[in-house]
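Sequential numbering from 1 along the given sequence is applied to the chain's residues. Both backbone and side-chain heavy atoms feed into the values below; hydrogens, waters and symmetry mates do not.
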Amino acid sequence: MTKVLNALTRREFAGGAAAAAGTLFVSGNAAQAAGDESDFSAAVRRIGLAEEQAVITQRIPMCANFIKLNVEPSRFLAGIESAAARFDKVLAGLRNGDADLGITAEQSGEVLEALSAVDSVWPIMRGAVASIVSNGFVEEADFDAIARASSALLFMSENVEKRLLSVYGDSTKKLAVLISVELAARQEMLTQKMAKEVGNIALGFKPEENRKILADSADLYENSLQALIGGVEELTLPPPPEHIKLALLEEKSRWSDLGPIIRSVADGAEPGLLELYSIASQEEALLEAAQHIEHLYVELGSKI
């Protein structure tokens, strides 16, 4: 259990991203900010949106890899364009508020500071995406820019979540819901991260390093899924209601199809066209299953 807790709380992501470690706490300023949030359901949405940013930091390089590999390039070209547009909207909304997203302007200085860090790196990835969409293919310079920015943006996006949890998790009950939303949404990110890492291996980009990272990502995905299903008292994570547990078991069933391919590549198998097309077709279904679970937790949070 200690190993699982470390994996869940330390959030170690290799490939240049520093560990977003630290114990959750509520400072005096955070408690004041939490008191200013009259609608807790909006705080739940903020956590989900911040994790959506983390998903996109991995979805964009995943799409770029599959475009470069010529695996369903048209679908992934559309995917990379829509992902970048969504990142723009959510980043602006988290700072300035957005009626469509159901959130008001952020008031917490520590959250705004974390968002500013994202602002400083996002243009690198955004520019590369614009170039790919314009050209219809991935140039080496764009591939390198996305690879360079993705780990930093992942760390920064997760730091936004960490700040939001400290600001809005002002009671045990609220914190439990926010952690559930965060973990459920992070599963979405991991589906994209693992597909990206398989693409890196297929492209011959730091293959041995990416095999290790892929194995760690799969471990984290499985540990997080099991934690959501069973609950982890030490993480203030209660067992889910029955309807959410059934959805989690459905996600676990979907993973049983994709997981062996991921594990095989992590263990040294070379991903051929069959594996790449299998991952390309299944990552979206697994992503949608994880998104459904996040939405169920957001709905649960709206009733508190």
Q: Taking all atoms of both residues into account, what is the closest heavy-atom pair of Glu51 and Ala185, and its distance?
A: CG-CB, 3.0 Å
Q: Would you call Glu250-Arg254 a salt bridge at under 4.0 Å N-O?
A: yes
Q: Quick one: do Lys252 and Gln226 satisfy side-chain contact (heavy atoms from CB on, under 4.5 Å)? Show the steps, please.
A: CA-CA 9 Å; Lys252 187 175 182 179; Gln226 195 55 48; 3.4 Å; yes
Q: How about Lys89 and Asp100: do any of their side-chain heavy atoms sit closer than 4.5 Å?
A: yes
Q: Does the pair Arg211/Glu270 count as a salt bridge with the N-to-O cut at 4.0 Å?
A: yes
Q: With a 3.5 Å distance limit and no angle check, can you tell me whether Asp142 reaches the backbone of Val138 through a side-chain donor-acceptor pair?
A: no
Q: Measuring from Lys245:NZ to Leu228:CG, what's the distance to the nearest 0.5 Å?
A: 12.5 Å
Q: Can you label the angle between the Tyr221 ring and the Trp255 ring as parallel, tilted or perpendicular, going by 30° and 60°?
A: tilted
Q: Given side chains that start at C-beta, do those of His243 and Leu246 come closer than 4.5 Å, heavy atoms only?
A: no
Q: Closest approach of Val298 and Val44, non-hydrogen atoms and distance?
A: CA-CG1, 3.6 Å
Q: Ile80, Phe137: one ILVMFWY side-chain cluster at the under-4.5 Å cut-off?
A: no
Q: Any side-chain donor-acceptor pair under 3.5 Å between Ser224 and Arg186?
A: yes
Q: Linking I/L/V/M/F/W/Y whenever their side-chain heavy atoms sit closer than 4.5 Å, directly or via other members, would Leu249 and Leu300 fall into one cluster?
A: yes
Q: Distance-only, no hydrogens or angles: does the Ser256 side chain make a donor-acceptor pair with backbone N or O of Ser253 under 3.5 Å?
A: yes
Q: For atom CD of Glu81, is the number of surrounding heavy atoms from other residues, nucleotides or ligands below 6.0 Å larger than 12?
A: no
Q: Compute whether any side-chain donor of one residue and acceptor of the other, for Ser217 and Glu197, lie under 3.5 angstrom apart.
A: yes
Q: Between Ile132 and Ile146, is any pair of side-chain heavy atoms under 4.5 Å apart?
A: yes
Q: Nearest heavy-atom pair of Ile262 and Ala218: which atoms, and what distance?
A: CG2-CB, 4.2 Å
Q: Assess whether a salt bridge exists between Lys196 and Glu283, defined as any Lys/Arg side-chain N lying under 4.0 Å from an Asp/Glu carboxylate O.
A: no
Q: Given 3.5 Å as the limit, does a donor-acceptor pair link the side chain of Arg148 with the main chain of Met125, or not?
A: no
Q: Quick one: closest heavy-atom pair of Phe76 and Met62, and the distance?
A: CE2-SD, 3.7 Å
Q: Taking all atoms of both residues into account, what is the closest heavy-atom pair of Leu214 and Val265, and its distance?
A: CD2-CG1, 3.9 Å
Q: Would you call Glu106 and Arg46 a salt bridge, taking side-chain N to carboxylate O under 4.0 Å as the test?
A: yes
Q: Between Lys68 and Glu140, is a salt bridge (Lys or Arg N to Asp or Glu O under 4.0 Å) present by the stated rule, with each step listed?
A: CA-CA 10 Å; Lys68 196 170 176 62; Glu140 284 301 317; 2.6 Å; yes
Q: Can you check whether Leu154's main-chain N or O pairs, donor with acceptor, with Ser157's side chain at less than 3.5 Å?
A: no
Q: Short question: side chain of Glu288, backbone of Ala285 - any donor-acceptor pair under 3.5 Å?
A: no
Q: Does Asn210 reach the main-chain N or O of Phe205 with its side chain, forming a donor-acceptor pair under 3.5 Å?
A: yes
Q: Could you tell me whether the side chain of Arg86 and the main chain of Ile56 form a donor-acceptor pair under 3.5 Å?
A: no
Q: Can any side-chain N or O of Ser180 pair as donor or acceptor with the backbone N or O of Ala176 at less than 3.5 Å?
A: yes
Q: Are the side chains of Ser166 and Glu110 in touch, meaning some heavy atoms are under 4.5 Å apart?
A: yes
Q: Of all the heavy-atom pairs spanning Ala84 and Trp122, show the shortest one and how long it is.
A: O-CZ2, 3.6 Å
Q: Test Ile293 against Gln187 for side-chain contact (heavy atoms from CB on, under 4.5 Å), laying out the working first.
A: CA-CA 10 Å; Ile293 291 162; Gln187 295 295 84; over 6 Å; no
